[in-house]
Number of protein chains: 2
Amino acid sequence: MNDSSSGPPAMRSDARRNYERLLRIAEDAFAKQGVNASLTEIAKRADVGIGTLYRHFPTREALLEAVLRDRFDTLSSQGREMGETYAPEDALLNWLRLVIAELSRFRGLAVSITACLDGMSPELAAACGGLRKTAEDLLTRARLDEAVRDEVTVSDVLRFVNAIALVTEQSPQPAGEADRMLALLMNGFRRPD
Amino acid sequence: MNDSSSGPPAMRSDARRNYERLLRIAEDAFAKQGVNASLTEIAKRADVGIGTLYRHFPTREALLEAVLRDRFDTLSSQGREMGETYAPEDALLNWLRLVIAELSRFRGLAVSITACLDGMSPELAAACGGLRKTAEDLLTRARLDEAVRDEVTVSDVLRFVNAIALVTEQSPQPAGEADRMLALLMNGFRRPD
DNA sequence: ACCTGAACACCGTTCAAGT
DNA sequence: ACCTGAACACCGTTCAAGT
């Protein structure tokens, strides 16, 4: 909490180097092999003992969370911008598109995020919290604008978006499919009148 | 193909016993541990050498497919019944509810099915084919009844249904959540007028 | 024709030993 | 304070040897 805005935590310089190398290699591995990429191999590719990986990131989720943090932060701020520049419904739609793109970056990521939406996997809770807050803002605005039914909750939205990413990620044209599904979904969210 | 309706394939009686034991144990294991349950343990619990498991089921998907076959068949015939007894839209809705319930039986099943909808995992193709055909019939009827937009494809429907199962399966009240999401979805499918 | 299980290559995770 | 890597328990998969 105190180090989230006050810059990098204090570390011995070799430790810091290892930490960053691990992060870089892990991102690449997750992108190429999915979120279940071999930790042993990540350590090896980072020229680091496996124990060092575990010291910095006690669980796979901790490592994943670290890799995700930056991206998720920019996702949130993009959401805020959109809220200011677009009409409520478009803001929501466009932002959700970005979220889906992000969730599709690593195979299996959407599953992990779903798990954390459901309360498991406390490691990713911070990452999800940010998303949830942004989604809440955009959804509320859309609701006030009468563009979305009252019964639709933030959980609904996030769950669906995860679902779309999940089910699209192996499809031949992920982005196209995802867009179509998202459009159908927003149509479902809209009020009947 | 020739043995799908002409009864069980010819096997030595001990082989047949092993085959069925494996099937029973595997179903239980998949239900309890998800579709990635340890094959080694399944073989052990079935009192069978691991090689025997591989002889009968060369891949995990083959085993899964065998476990699923019966259930998926009854799912298809239930779909046909519903097509005859309910109004087109209700038939589709109610059948999709059943599909979701089935996909939620094993953790991770929806992911596997999605993979096979997308053309990977040929092992499960047969199982998916049945689902697809039934979905096609029900969807066509709903379309003719003008209850569903023209652009909605079978793939859309199945993908969404998978998505719902997937994203619901770890939720606190899976069935309730799934129903809500399915309702929203059908709302999105409906024509604007 | 079918079964067995040892063998191999891999992985996650821990922890005593080092600097 | 941090790093290392051997050690342990597990898994998937193959295949030579058995009946």
Nearest of [options] to any side-chain atom of [X]?
X: A:Arg60; options: D:dT13, C:dG12, D:dA6; result: C:dG12
X: B:Asn18; options: D:dT4, C:dC3, C:dC11; result: C:dC3
X: B:His56; options: C:dC3, D:dG12, C:dG12; result: C:dC3
X: A:Ala15; options: D:dT14, D:dC3, C:dG12; result: D:dC3
X: B:Ile50; options: C:dG5, C:dT4, D:dC3; result: C:dG5
X: B:Arg55; options: C:dA1, D:dC2, D:dC11; result: C:dA1
X: B:Ser38; options: D:dC2, D:dG12, C:dT4; result: D:dG12
X: B:Met11; options: D:dT4, C:dC2, C:dT13; result: C:dC2

Backbone N/O of B:Arg16 and side chain of B:Arg21: donor-acceptor pair under 3.5 Å: no

Short side-chain donor-acceptor distance under 3.5 Å, A:Thr140 and A:Asp137: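 A:Thr140 and A:Asp137 do not have a side-chain donor-acceptor pair below 3.5 Å.
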
Min side-chain heavy-atom separation A:Val67-A:Leu23 under 4.5 Å: yes

message: Between A:Glu123 and A:Arg60, is there a side-chain heavy-atom distance shorter than 4.5 Å?
response: no

message: Output the pairing pattern of DNA chain D as a dot-bracket string, 5' first, Watson-Crick or G-U wobble with both distances under 3.5 Å, | for cross-strand pairs, [ ] for crossing pairs.
response: ||.|||||...|||||.||

- request: Using heavy atoms to find the nearest nucleotide of DNA chain C for B:Asp14 and A:Glu41 separately, return the residue whose nucleotide is more 5′.
  value: B:Asp14

Evaluation steps, salt bridge (Lys or Arg N to Asp or Glu O under 4.0 Å), between A:Arg69 and A:Asp73: CA-CA 6 Å; A:Arg69 199 170 359 226; A:Asp73 280 354; over 6 Å; no

query: Per the side chain to side chain contact (heavy atoms under 4.5 Å, CB included) rule, which among B:Val167, B:Ile113, B:Leu131 passes with B:Asn162?
result: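 Per the side chain to side chain contact (heavy atoms under 4.5 Å, CB included) rule, the option paired with B:Asn162 is B:Ile113, out of B:Val167, B:Ile113, B:Leu131.
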
